[in-house]
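Residue numbers begin at 1 in each chain, while the letters A, B, ... track the order of the sequences.
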2 protein chains.
Amino acid sequence: MYESITERLKKNNYRLTDQRMAVLQVMLENKGHHLSAEEVLVEARGKAPNIGIATVYRTLEKLAGISILHKTMFEAGKYRYELSDNHTHQHHHFICLNCGKITEIEEDLLYSLEQHIENQGYQIVNHELKLYGYCPDCQTLK
Amino acid sequence: MYESITERLKKNNYRLTDQRMAVLQVMLENKGHHLSAEEVLVEARGKAPNIGIATVYRTLEKLAGISILHKTMFEAGKYRYELSDNHTHQHHHFICLNCGKITEIEEDLLYSLEQHIENQGYQIVNHELKLYGYCPDCQTLK
DNA sequence: CTATCTGCAAATTCTTTGCAGGACT
DNA sequence: AGTCCTGCAAAGAATTTGCAGATAG
């Protein structure tokens with residue numbers, strides 16, 4: 001897994017610098033979590049102390065460009081990045097309006113909906129579904 | 001329709017200033033379109049010449065706050081606003097990767113998916129689905 | 001009259017870019 | 001060696017905020 005990622009970097013002529021490895025490690029250690037650039041910076045400094053925010057942004061952008069990461073905006077005006085899971089279709093996200101926790105929803109279940117829309121002449125190559133509500137832990141607090 | 005909107009503004013103690021009326025008219029004239037704050041500013045200046053961008057933002061924010069408008073981010077780092085249609089659930093959007101046109105998809109079709117997730121203890125109050133691909137007009141250009 | 005609203009400009013926040021030096025390969 | 005990469009600081013872009021004067025109710 002770790003091997004295949006560095007392979008993919010090499011294939012795209014991306015040099016394996018300490019800073020890039022640090023960012024990659026941070027993302028691997030946070031599999032399933034959605035980190036902002038600033039959060040990645042703080043953790044990456046533990047591995048590459050002098051790394052700057054510009055390099056973090058440049059690295060995240062490159063990794064997202066070759067689908068190693070996935071970039072989404074959950075809250076206003078700020079991107080978050082997560083390790084991509086290589087599935088054909090991107091999974092969905094449930095965002096709790098009370099505690100803010102983001103849960104991944106693995107089931108796709110959009111097939112029939114997309115079929116319906118493609119029958120109208122559209123070709124769908126990707127989708128992004130966000131569900132907002134209250135997670136099981138926050139049901140009682142409402 | 002127009003009546004009921006001003007009623008709702010009054011109910012929320014929002015003064016009916018020329019600037020607010022101008023923004024509201026622009027949004028009503030662009031029903032079904034998704035405008036950026038800057039685009040609203042340009043059109044609103046035709047009705048209230050001295051209106052500033054800050055007032056446009058403040059007004060759009062207020063109107064979205066009482067669900068008269070709906071605010072979504074389609075492209076990176078920039079919100080777009082559209083007149084809300086008062087349906088229970090928000091409609092979906094198809095974004096063409098070639099021409100950038102945004103098409104509304106009225107069918108909901110998420111019912112069974114949401115049912116499935118609510119069975120796992122979540123309560124869903126809203127959703128946002130964006131489909132990316134190529135619209136009928138752009139099929140040949142691919 | 002008085003609380004709310006407005007326009008302006010400055011401030012914020014997130015992200016990108018130019019540049020000169022540094023480091024993979 | 002040569003290209004790619006980095007950190008810094010400055011620039012950009014979208015949005016928000018402070019303030020003094022203006023205006024709706």
Side-chain angles (χ1 to χ4, degrees), chain A residues 5-26 34-66 68-82, chain B residues 5-26 34-66 68-82:
Chain A
I5 289 181
T6 59
E7 293 296 310
R8 283 160 73 191
L9 290 173
K10 281 185 196 162
K11 259 183 210 128
N12 285 276
N13 289 321
Y14 293 153
R15 291 182 179 172
L16 308 179
T17 65
D18 291 349
Q19 293 91 334
R20 286 183 181 168
M21 289 301 112
V23 168
L24 198 48
Q25 271 182 50
V26 169
H34 306 77
L35 305 183
S36 66
E38 204 64 42
E39 288 165 357
V40 174
L41 176 68
V42 171
E43 287 203 43
R45 285 223 156 122
K47 301 162 195 298
N50 294 322
I51 191 172
I53 189 71
T55 299
V56 170
Y57 272 111
R58 281 186 281 229
T59 304
L60 292 172
E61 210 50 43
K62 284 212 154 72
L63 294 177
I66 55 176
I68 287 170
L69 301 181
H70 187 233
K71 177 182 178 183
T72 323
M73 182 169 295
F74 295 107
E75 67 233 74
K78 188 155 145 194
Y79 286 105
R80 292 188 168 275
Y81 301 81
E82 65 174 317
Chain B
I5 289 181
T6 59
E7 294 295 310
R8 283 159 73 191
L9 290 173
K10 282 185 194 162
K11 258 182 208 129
N12 285 275
N13 289 320
Y14 292 155
R15 292 183 178 172
L16 308 179
T17 65
D18 291 349
Q19 293 90 335
R20 286 183 182 167
M21 289 302 112
V23 168
L24 198 47
Q25 273 181 48
V26 169
H34 307 77
L35 305 182
S36 67
E38 203 64 42
E39 288 165 355
V40 174
L41 176 68
V42 171
E43 287 203 44
R45 285 220 156 124
K47 301 163 195 299
N50 294 321
I51 191 171
I53 189 71
T55 299
V56 170
Y57 273 111
R58 282 186 281 229
T59 303
L60 292 173
E61 211 50 44
K62 284 211 155 74
L63 294 177
I66 56 176
I68 287 170
L69 301 182
H70 187 234
K71 177 181 177 182
T72 322
M73 182 169 294
F74 295 106
E75 67 234 75
K78 186 152 143 197
Y79 286 106
R80 292 188 168 275
Y81 302 81
E82 66 174 316

Does a side-chain N or O of B:Arg20 approach OP1 or OP2 of D:dA24 to a distance below 4.0 Å, or not?
no

Heavy-atom side-chain contact between B:Arg45 and B:Leu41 under 4.5 Å
yes

Separation of D:dT23 atom P from B:Asp18 atom CG, nearest Å, is 9 Å

May I ask you to evaluate whether B:Tyr57 reaches the phosphate of D:dT15, defined as a side-chain N or O under 4.0 Å from OP1 or OP2?
yes

On the nucleotide C:dG7, are OP1 or OP2 found under 4.0 Å from the side-chain N or O atoms that B:Gln19 carries?
yes

Closest to the B:Lys62 side chain: C:dC14, C:dC5, D:dT6?
C:dC5

How many whole angstroms separate atom CD of B:Glu38 from atom P of D:dA14?
8 Å

Is A:Thr17 close enough to D:dT6 that one of its side-chain N or O atoms is under 4.0 Å from OP1 or OP2 there?
yes

Residue closer to the 5' end of DNA chain D, B:Arg58 versus B:Arg15 (nearest nucleotide)
B:Arg58

Can you confirm whether A:Met21 sits close enough to A:Lys47 that some side-chain heavy atom of one is under 4.5 Å from a side-chain heavy atom of the other?
no

Separation of A:Lys78 atom NZ from D:dA14 atom C1', in whole Å?
16 Å

One thing to verify: whether A:Glu38 and A:Lys78 come together as a salt bridge, which I'm taking to mean a side-chain N less than 4.0 angstrom from a carboxylate O.
no

Is any side-chain heavy atom of B:Thr59 closer than 4.5 Å to a side-chain heavy atom of B:Val40?
no

How close or far is atom C1' of D:dT15 from atom CG of B:Leu41, stated in whole angstroms?
13 Å

Send over the distance from B:Lys10 NZ to C:dC5 C1', rounded to a whole Å.
17 Å

Between residues 48-55 of chain A and DNA chain D, which residues have a heavy-atom gap below 4.0 Å?
A:Asn50, A:Ile51, A:Gly52, A:Ala54, A:Thr55

Length of the CZ-C1' vector between A:Arg45 and D:dC8, whole Å:
11 Å

Considering only heavy atoms from C-beta outward, does the side chain of A:Tyr79 approach that of A:Leu60 to under 4.5 Å?
no

Considering only C:dT25, C:dC5, D:dC5, which nucleotide approaches the side chain of B:Tyr14 most closely?
C:dC5

Expressed as a whole number of angstroms, how long is the span from A:Met21:CE to C:dA23:P?
17 Å

Compare all side-chain heavy atoms of B:Glu61 with those of B:Lys71 and state whether any distance is below 4.5 angstrom.
yes

Are any of the side-chain heavy atoms of A:Leu24 and A:Leu9 separated by less than 4.5 Å?
yes

Roughly how many Å is it from CG in A:Asn12 to P in C:dC24, rounded to a whole number?
20 Å

